[in-house]
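To start, I am sharing the structure in question, which I have written as structure tokens.
Residues: numbered from 1 along the sequence shown.
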Amino acid sequence: RMLFLLISVTSSSIIIGTSAFKVDTPRPIRHGVSLHQSSSCQEILDVPVNRVKIGGLRFALGLQLVGMRDDGLWRPNETSSSQLDVFFKDGSAMFSIKLTDDAIRIEREGTPSLAYLLQESLILHKVLDELNTLATDGEIEQQNRLLELASESAIDDAREKLPARQE
């Protein structure tokens with residue numbers, strides 16, 4: 001708590017008083033993203049898969065995300081052997097791509113700004129495009145692909161959850 005001295009001056013009086021305000025504890029910073037104590041992960045997308053080569057897929061998505069750094073909006077970071085964190089330039093929020101044996105999950109953490117929300121949707125459409133290409137590329141034999149989607153509509157179903165539509 002902090003104690004403030006309040007002084008109110010009008011044409012006919014001066015009022016002096018005190019007021020106590022609770023001061024929020026500093027928010028923790030994770031790779032430049034300011035996160036509220038109460039903020040939790042919010043699932044954005046879930047793409048069910050039958051099969052996934054986690055290491056290869058993490059590497060491929062990491063390369064794609066690093067290639068998109070040119071605009072300076074996003075900063076990808078490999079968190080573990082099965083997760084990529086992607087941080088937005090304003091530090092308001094981030095999203096994580098979590099690779100498991102049965103799904104690719106994308107979760108948001110932080111308190112996103114409006115700019116973040118608009119840009120997040122655009123970059124996630126590109127991630128879904130890449131996942132679709134990796135899952136359906138006719139030049140690669142089925143058993144050699146990095147992932148096999150649980151259904152043909154898995155990418156389209158995930159895409160419908162995004163607010164901005166792909167161009």
Side-chain angles (χ1 to χ4, degrees), residues 24 26-140 142 145-167:
D24 290 334
R27 296 183 285 176
I29 303 294
R30 180 172 162 196
H31 293 282
V33 176
S34 179
L35 306 173
H36 276 286
Q37 298 279 12
S38 62
S39 75
S40 61
C41 289
Q42 175 187 358
E43 185 175 297
I44 303 168
L45 298 175
D46 186 75
V47 180
V49 296
N50 289 333
R51 182 181 52 80
V52 64
K53 296 178 181 178
I54 292 176
L57 185 57
R58 186 199 75 242
F59 182 74
L61 291 175
L63 285 177
Q64 181 205 22
L65 292 166
V66 166
M68 289 190 274
R69 286 184 66 163
D70 292 343
D71 58 13
L73 296 176
W74 298 100
R75 189 178 75 246
N77 183 47
E78 185 178 295
T79 307
S80 71
S81 62
S82 62
Q83 181 172 325
L84 291 165
D85 288 343
V86 185
F87 301 92
F88 191 60
K89 71 173 184 174
D90 72 1
S92 65
M94 57 164 280
F95 68 86
S96 297
I97 302 173
K98 298 181 178 186
L99 307 173
T100 66
D101 291 330
D102 64 347
I104 299 162
R105 289 186 178 84
I106 301 178
E107 298 175 344
R108 178 188 310 127
E109 189 174 343
T111 307
S113 64
L114 179 59
Y116 172 92
L117 290 172
L118 293 171
Q119 293 300 321
E120 177 192 71
S121 185
L122 297 175
I123 194 172
L124 290 180
H125 277 293
K126 292 176 184 176
V127 169
L128 290 173
D129 289 343
E130 183 70 11
L131 290 173
N132 190 53
T133 299
L134 293 170
T136 62
D137 188 345
E139 294 181 19
I140 301 172
Q142 182 72 26
R145 294 181 188 165
L146 294 177
L147 73 152
E148 179 184 320
L149 299 171
S151 71
E152 289 184 17
S153 65
I155 296 293
D156 291 332
D157 294 345
R159 199 178 297 280
E160 287 179 10
K161 295 178 182 177
L162 297 176
R165 299 292 175 230
Q166 187 178 21
E167 297 174 11

Nearest heavy-atom neighbours spanning S92 and P112: OG-CA, 3.7 Å
Contact check, side chains of K126 and E130, non-hydrogen atoms, under 4.5 Å: no
Salt bridge (Lys or Arg N to Asp or Glu O under 4.0 Å) partners of residues 112-123, not counting sequence neighbours, each pair once: R108-E120
Side chain to side chain, N132 and D156, heavy atoms closer than 4.5 Å: no
Heavy-atom closest pair, residues Q83 and D85: NE2-OD1, 2.8 Å
Aromatic ring proximity, centroids under 6.0 angstrom, W74 and F87: no
Residue pair L65 / I97, side-chain heavy-atom distance below 4.5 Å: yes
Check: C41 and E43 side chains under 4.5 Å, non-hydrogen atoms: no
From D129 atom CG to L134 atom CG, the distance as rounded to the nearest 0.5 Å: 11.0 Å
Approximate separation, where rounding is to 0.5 Å, of L99 CG and L61 CG: 6.5 Å
E148: salt bridge (Lys or Arg N to Asp or Glu O under 4.0 Å) partners, not counting sequence neighbours: R51
Test item: P76 and L84 side chains (from C-beta on) under 4.5 Å apart, heavy atoms: no
Gap separating the CE atom of M94 from the OH atom of Y116, nearest 0.5 angstrom: 7.5 Å
Distance (rounded to the nearest 0.5 Å) between I44 CD1 and E107 CD: 8.5 Å
Listed partners of Q119 passing side chain to side chain donor-acceptor pair (under 3.5 Å), at least two apart: none
Partner of L131 by side-chain contact (heavy atoms from CB on, under 4.5 Å), out of L57, V49, V52: L57
L45 vs I104, side chain to side chain contact (heavy atoms under 4.5 Å, CB included): CA-CA, chis, key distance, verdict: CA-CA 8 Å; L45 298 175; I104 299 162; over 6 Å; no
Within 6.0 Å of CD in E152, more than 12 heavy atoms from elsewhere: no
Distance, nearest 0.5 Å, that separates NZ of K89 from CG of L73: 5.0 Å
Close side-chain approach of V47 to L128, heavy-atom, < 4.5 Å: yes
Spacing of CD1 belonging to I123 relative to CD1 belonging to I106, to within rounding of 0.5 Å: 9.5 Å
Any donor-acceptor N/O pair, R145 side chain to A135 backbone, under 3.5 Å: yes
